[in-house]
**Q** 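Below is the structure I would like to discuss, written out as structure tokens.
Sequence lines set the chain letters: A, B, ... in the order given, protein chains first and strands last, and positions in each chain run from 1. As the structure is a prediction and not an experimental result, all values here were calculated from the model.
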Amino acid sequence: MISIKGLRKVFQAKEDNITAVDRLNLDIKDGEIFGVIGYSGAGKSTFVRLLNRLEEPSEGSIKIGDREITALNKRDLRLARQEIGMIFQHFNLLWSRTVKDNIAFPLEIAGVPKEERERRVLELIQLVGLAGRENAYPSQLSGGQKQRVGIARALANNPKVLLCDEATSALDPETTNAILDLLVDINKKLGLTIILITHEMHVIRKICNQVAVMENGKIVEQGEVLEVFLKPKQSVTKKFVEQVMGSGEDDDLEQLQSTYKGEDIFRLHFVGDSANQALISKIAKQFNVDINILQGKITQTQMGAYGNLIVQINGDEREKDNAVAFITEETSVEVEVIQRAN
Amino acid sequence: MISIKGLRKVFQAKEDNITAVDRLNLDIKDGEIFGVIGYSGAGKSTFVRLLNRLEEPSEGSIKIGDREITALNKRDLRLARQEIGMIFQHFNLLWSRTVKDNIAFPLEIAGVPKEERERRVLELIQLVGLAGRENAYPSQLSGGQKQRVGIARALANNPKVLLCDEATSALDPETTNAILDLLVDINKKLGLTIILITHEMHVIRKICNQVAVMENGKIVEQGEVLEVFLKPKQSVTKKFVEQVMGSGEDDDLEQLQSTYKGEDIFRLHFVGDSANQALISKIAKQFNVDINILQGKITQTQMGAYGNLIVQINGDEREKDNAVAFITEETSVEVEVIQRAN
Amino acid sequence: MLTNLFPNLKVEDLIEATYETFYMTIIALAGTFILGILLGLLLYLTMKGGLWENRVLNWIVASFVNVFRAIPFIILILLLFPFTDFLVGTIRGPNAALPALIIGAAPFYGRLVEIALKEIDKGVIEAAQAMGAKTRTIIFRVLLPESMPALISGLTVTAIALIGYTAMAGVIGAGGLGNYAHYFGFMRRDFDVVFVCTVVIVIIVFIFQFIGDIISNKLDKR
Amino acid sequence: MLTNLFPNLKVEDLIEATYETFYMTIIALAGTFILGILLGLLLYLTMKGGLWENRVLNWIVASFVNVFRAIPFIILILLLFPFTDFLVGTIRGPNAALPALIIGAAPFYGRLVEIALKEIDKGVIEAAQAMGAKTRTIIFRVLLPESMPALISGLTVTAIALIGYTAMAGVIGAGGLGNYAHYFGFMRRDFDVVFVCTVVIVIIVFIFQFIGDIISNKLDKR
Amino acid sequence: GGGSNSGDSNEGTSENNSENTEETIVVGASSVPHSEILEEAKPLLEEEGIILEIEPYEDYVFPNDDLASGDLDANYFQHIPYLENTIEDTGYDLDYIDGIHVEPMGVYSQSITSIDEIPEGTEVILSNSVAEHGRILTLFEQNGLITLDEDVKKSAATLEDIVENPKELEFSADVLPEILPEIYLSEEDALVVINTNYALGADLNPLEDALFIEGSESEYVNVIAVRSEDTENEALQTLVDVLQSEEIQNFILEKYEGAVVPVGGNN
Ligand SMILES: Nc1ncnc2c1ncn2[C@@H]1O[C@H](COP(=O)(O)OP(=O)(O)OP(=O)(O)O)[C@@H](O)[C@H]1O
Ligand SMILES: Nc1ncnc2c1ncn2[C@@H]1O[C@H](COP(=O)(O)OP(=O)(O)OP(=O)(O)O)[C@@H](O)[C@H]1O
Ligand SMILES: [Mg+2]
Ligand SMILES: [Mg+2]
């Protein structure tokens with residue numbers, strides 16, 4: 001259990017101070033995969049760097065397990081850090097070491113014997129898909145390859161807590177998926193707690209249990225991923241959720257409106273209620289209308305389909321009204337009128 | 001018009017040579033936004049670095065406009081480069097300069113007078129949303145903020161060609177959208193040709209006209225974005241396209257299969273044919289079945305809805321078969337059986 | 001009081017020697033800075049993979065640098081007599097020491113400059129190249145500013161080495177504290193003079209170090 | 001033939017002087033390397049924002065370094081007589097020169113080490129800290145390896161400065177080429193000896209520079 | 001600065017030493033005892049209307065070069081044999097006016113108390129200043145320890161000119177002269193050849209502590225050297241006169257406790 005109270009970090013600047021993290025309170029359960037999202041500059045990196053005290057907090061306390069991180073002396077902090085893996089936004093690889101030796105580094109620090117170290121390193125190289133490049137130096141790697149070395153390095157010592165700062169943002173989807181699967185796997189098998197900064201909502205959706213949204217150094221929204229996705233309250237959150245839910249970015253909508261000028265277009269919000277299954281075929285049967293799916297995204301959640309569809313409803317004016325009224329009144333699907341014919 | 005012929009780049013390594021770019025042929029039209037995708041290590045960064053000869057080609061020729069880049073002498077190359085903006089994967093900002101001065105740098109190089117330089121810099125700072133941080137040094141910026149400085153810098157001198165290496169991969173979706181809008185805007189207004197490496201397919205979908213897929217230093221597939229999205233031929237491409245099309249990642253499918261054990265699940269591939277509009281409501285009317293949309297993503301293209309939906313079809317065994325047979329035979333929608341009840 | 005503690009010390013002489021040391025060090029430092037940067041840049045630019053890759057030129061500059069670093073100072077002074085005479089019009093006194101000091105220290109500083117330049121992130125140089133910057137622009141707007149903290153620290157080191165050199169410049173009557181300490185202190189076994197001179201030298205060294213550190217830290221925005 | 005061209009040159013003496021120069025330079029270099037790294041690390045670690053931030057210790061080390069860099073070499077030799085006598089058992093000859101050479105060069109190299117360490121990317125140090133590395137581990141596995149090319153280049157510069165110092169070590173009978181050139185060449189006005197000695201010194205410098213460059217380039221994987 | 005107002009200009013030197021016809025002479029000198037003695041002579045010369053400028057020199061080559069080139073009017077650091085050697089080597093047109101003092105060369109040892117007790121193979125440590133070697137070897141020859149090649153001029157003899165060395169003395173000539181006293185203190189079993197003026201600094205009493213020492217009639221008299229054309233220069237003559245005056249001689253005797261022997265005046 002990670003427990004954060006009143007955490008605050010102020011950067012002294014010449015002109016004015018910058019409060020990168022602002023009186024943050026947060027509890028993260030053991031074994032949880034905790035996502036952190038937020039705009040660029042929101043304070044996400046600073047937040048995770050505070051967790052292992054790479055950045056000294058200006059105020060507040062951090063407890064990981066029963067260790068009060070903020071109160072540890074140097075030696076204890078060092079030991080605590082050996083159980084906290086970290087993946088850096090800028091990789092921070094040692095250019096003087098090969099891929100293999102970079103990954104072995106945390107093992108050397110933890111005093112793992114040589115044979116075991118080698119075994120583990122080879123295993124990790126396989127896992128992150130760098131076989132064949134183990135003797136390359138970082139300067140000879142592509143961006144994504146460097147990132148993967150950073151990931152392998154962070155995992156090498158079987159940490160209890162893993163801090164990931166944009167761990168997959170330099171990776172293609174295939175590799176991203178492989179890495180995420182790996183993380184989930186370790187999380188399940190070893191109960192690894194992961195705190196994961198990302199701006200890719202599909203990463204959050206795919207592996208996180210909890211998500212927190214940061215804005216201006218504060219957590220403005222937090223909860224179960226599904227809950228936050230279903231009922232985003234803050235406008236930041238809505239913007240992020242829209243990304244994964246594929247709900248029309250504004251210009252897409254405009255395009256649709258111009259393509260289907262003079263026709264009825266609605267957006268149906270499915271809110272994860274299984275009662276709404278087969279809504280479209282039900283409507284088609286019950287009312288004399290054709291429903292044309294223009295665009296949208298539906299995701300399956302534990303509680304049923306969630307997402308939204310932009311549809312065009314064709315048919316008799318009366319029937320159309322009835323159909324819409326039926327959806328609005330009899331189901332939990334919300335109807336948003338995007339464009340009416342008249 | 002950028003015309004690339006037989007481009008090849010081999011890195012000499014101790015053990016074995018690495019062919020990062022392998023006999024590449026490519027034409028990019030003026031004013032095009034050309035996307036490049038591919039797995040990590042495919043050779044994308046090397047490819048764009050060859051375009052402005054940051055990397056000297058081992059073989060082959062590059063022509064930009066009527067300049068044969070590969071044949072230019074130092075001085076002409078320098079002048080040619082002033083018209084090619086570049087956004088680096090690792091930002092490459094000068095730590096000794098503030099945000100403002102970093103952005104002003106290409107203008108200084110091009111000999112733009114001071115007042116105009118300042119005007120332009122302020123404009124760019126506004127555009128990338130860094131107002132208020134203009135006097136900060138790179139070390140005081142977050143990852144995304146650095147990225148934006150890099151973008152502003154690349155745009156400063158109104159280049160004719162812009163090379164973007166993962167320009168938005170450190171940015172949140174909101175900022176990404178803003179930047180992409182900016183790029184499209186410049187592209188339309190000034191006819192800027194953009195070559196854009198990314199692993200985010202939605203970036204490709206949103207702004208690119210053409211896309212090329214790289215694998216092992218070769219372009220394995222290339223064409224209009226829509227065409228490639230509609231009919232991905234290579235397995236790499238399919239994997240990438242699935243990302244933007246939201247088609248079930250494998251574990252999602254498994255989850256669906258276990259949730260809907262013993263029921264009929266199909267995947268319907270809509271391939272952008274307007275004749276297929278209103279398919280679901282049509283089926284519902286014609287056959288005595290209920291169609292339950294479980295998951296999927298539909299995107300509007302110029303030729304109609306494109307994407308796929310995973311649906312559960314309930315109803316009488318005969319009716320179900322008929323419905324499926326109808327879709328398969330009478331429409332251009334492809335049906336993929338994911339699970340049959342018996 | 002001073003005269004009680006240090007009976008053999010002549011305060012005016014000490015002040016004059018201090019002045020001479022300062023004079024020689026500062027002027028020679030200015031010359032060393034310019035010539036050293038020049039040499040360092042040449043070494044860096046002409047090296048393998050450098051912007052002006054040129055084996056021959058690199059070899060020539062490296063030879064020049066090494067030869068002048070290698071020659072013992074006294075012999076250097078001797079060798080430079082005709083040159084010094086031509087340049088300064090005399091081969092005696094602090095001004096005559098300057099050519100030898102500069103030519104003795106510049107190759108040394110040049111190497112430090114080269115080392116500092118090599119530490120610059122290749123990425124930013126590439127960025128400037130990609131913008132179509134002239135080599136001149138790269139030198140003055142990228143290489144020098146980005147390595148400035150190390151250049152200044154290196155200059156501090158050189159300044160202090162120069163203070164040591166000025167002691168040897170005594171052989172041509174350039175004066176200075178080192179010479180004063182040796183000639184009027186050590187040789188006469190007036191160790192109070194040696195002591196005071198050493199203290200003054202140490203103070204001068206601290207002043208240089210202090211100023212160098214402040215400038216270097218101020219410039220370092222990493 | 002040699003004797004025709006250089007009538008005053010005694011080949012055995014030249015060989016002996018060359019040997020002495022090599023001997024002193026190499027042993028002193030080893031000592032300087034160790035002591036200099038130590039001093040440089042201390043300066044770096046105790047500086048503001050360093051891993052062992054400690055104003056007092058930093059001030060002490062900096063003072064030590066500056067004082068010993070500041071003292072003219074001849075006076076340094078004198079000051080070290082008791083220490084040298086205790087350590088080496090004699091105050092004469094090449095071995096007696098070693099303490100003064102090392103103590104004269106190490107502070108200088110220490111500063112170069114400090115400069116090199118300051119150039120290391122803060123990120124990799126943070127990465128090691130985040131892994132829970134002991135400061136010792138950070139020193140030996142991060143700081144030193146990551147700055148090794150600059151450390152070696154700096155050592156080359158120091159080696160060549162040491163060759164210059166050995167010339168001065170002649171005053172206590174340490175011999176060496178510089179001394180040979182000065183006393184047997186210059187003082188006797190036998191300039192052929194000066195010339196040959198200078199050429200040999202230049203060759204030695206080239207050898208050091210060559211080896212230093214090769215090692216430094218080999219280690220640089222950036 | 002360099003020798004200002006130097007050169008051969010003798011105009012204005014008057015026998016009356018009137019105050020408005022002051023003349024400046026520039027004299028190069030090594031530190032001990034030369035410049036100390038000159039400093040003492042300064043006020044006396046001033047009374048004679050001569051301003052004395054002392055140029056400090058740390059080596060033995062430049063003062064003669066500078067004298068020959070005209071930067072100096074005279075120098076005061078060398079003895080006659082060295083001057084002769086230089087003239088021979090360089091062809092400079094130099095001469096001297098007269099001798100001022102002798103710094104007798106003494107041989108010291110901490111453990112050896114008489115010449116007869118010198119064990120075989122004893123190390124002899126002497127200055128690296130080659131100019132002194134002939135002189136030192138001559139001293140050893142005079143004391144019956146070695147024999148020098150007869151064909152060689154004594155004052156120019158080098159270590160290689162030793163033809164007989166019955167006690168197999170090992171000569172090491174590689175130390176700076178002013179460091180010799182420290183060597184004496186540290187190398188107990190060796191013979192150390194020390195210039196008397198330096199021996200003083202180490203609290204040695206040359207007359208008592210030396211194993212053997214040059215007599216005051218040594219030919220190694222330190223002289224005021226000048227360009228040949230200036231041997232009759234009046235200001236320089238005056239300089240010599242003052243240095244040979246009783247006042248200065250007493251100063252030398254007092255200050256150096258007999259270790260530096262004033263000469264002249266009597267010749
Ligand atoms: N300097 C170099 N020396 C040796 N190999 C190199 C060098 N630079 C790149 N490579 C190799 O060339 C291949 C292509 O690298 P490149 O950087 O172009 O990949 P990329 O497609 O940009 O990947 P990413 O998406 O991870 O950034 C990789 O296998 C990489 O390891
Ligand atoms: N060393 C520093 N000095 C001053 N300001 C800083 C420093 N480090 C970060 N900041 C500022 O603190 C704020 C938060 O930065 P942080 O790196 O935590 O953002 P982030 O959420 O990680 O953003 P991104 O997604 O762009 O990486 C930013 O406004 C940044 O400019
Ligand atoms: Mg960040
Ligand atoms: Mg790349």
Side-chain angles (χ1 to χ4, degrees), chain A residues 11 13 15 18 37-41 45 89-90 135-136 140-145 147-148 166 169-177 181 199-201 206 239-240 243 246 249 252 255-256 259 277-278 280-285 289-300 305 309 312 314, chain B residues 11 13 15 37-41 45 89-90 135-136 140-145 147-148 166 169-177 181 199-201 206 239-240 243 246 249 251-252 255-256 259 277-278 280-285 289-300 305 309 312 314:
Chain A
F11 286 109
E15 283 144 42
I18 289 174
I37 55 175
Y39 292 151
S40 167
S45 295
Q89 192 165 7
H90 303 305
N135 291 317
Q140 301 170 323
L141 298 180
S142 77
Q145 288 166 338
Q147 184 70 281
R148 283 180 274 162
E166 306 273 8
S169 68
L171 298 178
D172 60 88
E174 178 80 351
T175 318
T176 299
N177 274 338
D181 288 343
H199 62 269
E200 295 169 309
M201 287 302 282
K206 194 174 156 79
K239 289 236 167 76
F240 272 94
Q243 180 198 8
E249 290 120 45
D252 275 10
Q255 209 178 313
L256 272 180
T259 315
Q277 293 193 338
I280 289 178
S281 65
K282 214 179 277 171
I283 301 288
K285 285 208 169 67
V289 290
D290 276 344
I291 300 178
N292 183 5
I293 302 174
L294 299 178
Q295 179 173 313
K297 187 163 182 181
I298 297 286
T299 323
Q300 198 62 17
L309 292 176
Q312 178 197 7
N314 292 327
Chain B
F11 287 109
E15 285 142 41
I37 56 175
Y39 293 151
S40 166
S45 295
Q89 193 167 5
H90 302 304
N135 291 317
Q140 301 170 322
L141 298 180
S142 78
Q145 288 166 339
Q147 184 69 283
R148 283 180 274 162
E166 305 275 8
S169 70
L171 297 179
D172 59 89
E174 178 81 352
T175 318
T176 301
N177 275 337
D181 288 344
H199 63 269
E200 295 169 308
M201 288 300 283
K206 197 174 154 78
K239 289 238 168 75
F240 272 95
Q243 182 199 8
E249 291 120 46
D251 58 332
D252 276 10
Q255 210 177 313
L256 273 180
T259 315
Q277 291 195 340
I280 289 178
S281 64
K282 214 180 277 172
I283 299 290
K285 284 206 171 69
V289 291
D290 277 346
I291 300 177
N292 183 6
I293 302 173
L294 299 178
Q295 181 173 311
K297 187 162 182 182
I298 295 286
T299 324
Q300 198 62 19
L309 291 177
Q312 178 197 5
N314 291 329

**Q** Who wins among Thr175(B), Leu309(B), Val289(B), Ile283(B) for the most heavy-atom pairs under 4.5 Å with chain A?
**A**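 Heavy-atom pair counts peak at Val289(B).
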**Q** Sequence neighbours excluded, which residues qualify as side chain to side chain contact (heavy atoms under 4.5 Å, CB included) partners of Leu141(B)?
**A**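 Listed in chain order: Val99(B), Arg133(B), Ala136(B), Gln145(B), Lys146(B), Val149(B).
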**Q** What distance separates Lys282(B) NZ from Asn292(A) CG, expressed to the nearest 0.5 Å?
**A**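 So the gap between those two atoms works out to 9.0 Å.
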**Q** Would a 4.5 Å heavy-atom cut-off, applied to side chains only, mark His90(B) and His90(A) as touching?
**A**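 Of all side-chain heavy-atom pairs linking His90(A) with His90(B), none is under 4.5 Å.
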**Q** Once rounded to the nearest 0.5 Å, what's the spacing between atom CD of Glu200(A) and atom OG of Ser169(B)?
**A**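 Glu200(A) CD to Ser169(B) OG: 8.0 Å, rounded to 0.5 Å.
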**Q** Under a 4.5 Å heavy-atom cut-off, does chain B meet the side chain of Phe11(A), its backbone, both or neither?
**A**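 Nothing of Phe11(A), per the 4.5 Å heavy-atom cut-off to chain B.
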**Q** Measuring only between side-chain heavy atoms, which start at C-beta, is Glu174(B) closer than 4.5 Å to His199(A)?
**A**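 They are not in side-chain contact.
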**Q** What residue in Ile18(A), Thr176(A), Asn135(A), Asp172(A) has the most heavy-atom pairs under 4.5 Å with chain B?
**A**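 Looking at each of Ile18(A), Thr176(A), Asn135(A), Asp172(A) in turn, Asp172(A) comes out on top.
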**Q** With respect to chain A, which residue among Glu166(B), Gln140(B), Arg148(B) yields the maximal number of heavy-atom pairs within a distance under 4.5 Å?
**A**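 Sorted descending by pairs with chain A, the first entry is Arg148(B).
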**Q** Taking side chain to side chain contact (heavy atoms under 4.5 Å, CB included) as the definition, give me every residue that meets it alongside Asn314(A), ordered by chain and number, with sequence neighbours left out.
**A**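 Testing Asn314(A) for side chain to side chain contact (heavy atoms under 4.5 Å, CB included), a comparison that skips the adjacent residues, returns Glu263(A), Asp290(A), Gln312(A).
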**Q** Looking at chain B, which one of Ser45(A), Ser40(A), Gly144(A) has the largest number of heavy-atom pairs inside 4.5 Å, strictly under?
**A**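 Of the candidates given, the most pairs with chain B belong to Ser40(A).
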**Q** Give the minimum heavy-atom separation between Ser142(A) and Gly41(B), together with the two atoms involved.
**A**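 So the two residues come closest at OG-N, 3.4 Å.
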**Q** Taking the side chain as every heavy atom from C-beta outward, state whether Ile293(B) and Ile280(A) have any atom pair closer than 4.5 Å.
**A**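 Yes - at least one pair of side-chain heavy atoms lies under 4.5 Å apart.
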